[in-house]
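Structure first, then comments.
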2 protein chains.
Amino acid sequence: MTIVAPHVNSVNMSTRRQILDEARELFLESGLAGFSMRGVAERVGVTATALYRHFDGKDALLASLLGEAFATFGSYLGRALAGQTPLERFRLTGKGYVDFALDHPRDYALMFLTDCEDLGYERISEELAQRSRGTFEFVVDRAKECLDAGVFAPRDPREIGLHAWAVLHGLVSLWLLGQLRQSMDRTGFDRQVELAIDLIELSLTRKDSPRRK
Amino acid sequence: MTIVAPHVNSVNMSTRRQILDEARELFLESGLAGFSMRGVAERVGVTATALYRHFDGKDALLASLLGEAFATFGSYLGRALAGQTPLERFRLTGKGYVDFALDHPRDYALMFLTDCEDLGYERISEELAQRSRGTFEFVVDRAKECLDAGVFAPRDPREIGLHAWAVLHGLVSLWLLGQLRQSMDRTGFDRQVELAIDLIELSLTRKDSPRRK
DNA sequence: GTCTATACCCCGATAGAC
DNA sequence: GTCTATCGGGGTATAGAC
């Protein structure tokens, strides 16, 4: 536990901030594998042990980066609210999801491609878990909108949200992990994303009344 | 640079085999994070450096484990050929995929959840890349069967295969990485897998002639 | 050929001095 | 708050014993 002094001077504040900034930069450059306390310390200009006065350890530092990543992620999804119809907002949410993953691949990897136990943020701050749930709820809400409008055939909105999440996460992670590198280029991938969103919609829209779009 | 060992005598074979077995066991117990040359060596009863007489390094050792994993994976997919109709074989392929992932989570993680660059099997043996392509071709063939039978609406079979792969990979990887642990149990996950396969089928089957099943 | 011993450089983390 | 010193754990290259 860190006890904060009653008068937080600007020097302490900026040190923490500086560590965070250098940590982020190192992480973006080198990924999780190349991310080390010693590396961060060198950039900041202090010894590695000094970092432990500001963060509880490597995991805590990564958790802070993760928090920033989730904030950015939320803003990407939020753009979908500009859509004019429930279905368009649902589709734009998917777009935003993929855009975030491609714009911030390191962050995405930290958020969704790292084993929660592997480098132990199993008991990561409750604030993060909540933020994670929150973003999922956003997707579920988009699904509910479509259900209420009668665009989607009746189904559990959480099942819909999870399915859509799985489809796009699967595609994005295959791409980011290099599994598709030898069989398609970026253009081909973008087309596959389009197709995936189309197929999700196709499987969810009701067939009896063609009031879509 | 690389020492190729095409023909090895039986004495080497058994040592090599023993290393491989202990490596596999350690990997299954501890995962990639806990997998170390020193750990393997201790189990085998030799020093760590001795392993380098049999394998080019940690990556080469992991590549061998990966090869065995792909063999097992192939047998899981192959079961789908017992299906009576093209659509059933297509669906059974998906089942086999998920079954493999759940029965052999460590292997699955090594195959599909590890960055190809992270721990450098970027230029992994061509044999492995071919095996990987081969399993994908199996899925594509199942899609072709359905297309030829008129069960699926006309579409590029490779796009279908990739989509189905992405859906199940996404679902499985969210599960294996613990992303769903707090929101559903194993039963719920199994139901979601069923749903995912249903939705894939729904989005691919032709709507004009109901000659499915 | 196969192994051991040693060594070098990486890492996370702690204890205690200033 | 930051330092030095240090521990335990890694991958792997080299030298040399058998």
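We name chains A, B, ... by the order of the sequence lines, and we start the count at 1 in each one.
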Quick one, give me the B/S/- string for nucleotides 6-18 of chain C, reading 5' to 3', where B means a protein heavy atom under 4.0 Å from the base and S means that only happens at the primed atoms, P, OP1 or OP2. B----BBBB----

Could you check how far CG of B/Leu51 sits from P of C/dC3, rounded to whole Å? 9 Å

Calculate the interatomic distance between B/Leu61 atom CG and D/dG10 atom P; express it in whole Å. 15 Å

Does A/Thr47 have a side-chain nitrogen or oxygen under 4.0 Å from the phosphate oxygens OP1 or OP2 of D/dC3? yes

List for me each residue that meets ring pair (Phe, Tyr, Trp, His ring centres under 6.0 Å) alongside B/Tyr76, sequence neighbours excluded, and say none if there are none. B/Phe100, B/His104

Side-chain N or O of B/His54 less than 4.0 angstrom from OP1 or OP2 on C/dG1? no

Who passes side chain to side chain donor-acceptor pair (under 3.5 Å) against A/Asp21, sequence neighbours left out? A/Arg17

Quick one: B/Phe55 CZ to C/dC3 C1', roughly how many Å, whole number? 16 Å

Could you tell me whether B/Ala50 contacts a base, only the sugar-phosphate backbone, or nothing, with contacts defined as non-hydrogen atoms closer than 4.0 Å? base

Please report, rounded to the nearest Å, how far the C1' atom of D/dC3 is from the CD atom of A/Glu42. 17 Å

Looking at B/Phe90, B/Phe138, B/Tyr108, B/Phe136, which one forms a ring pair (Phe, Tyr, Trp, His ring centres under 6.0 Å) with B/Tyr97? B/Tyr108

Listed once per pair and sorted, the salt bridge (Lys or Arg N to Asp or Glu O under 4.0 Å) pairs that draw on residues 158-177 of chain B, sequence neighbours left out: A/Arg191-B/Glu159, B/Glu137-B/Arg158

With sequence neighbours left out, the residues meeting side chain to side chain donor-acceptor pair (under 3.5 Å) with B/Arg155 are none

In chain order, what residues pass the side chain to side chain donor-acceptor pair (under 3.5 Å) check against B/Glu29, with sequence neighbours excluded? B/Arg43

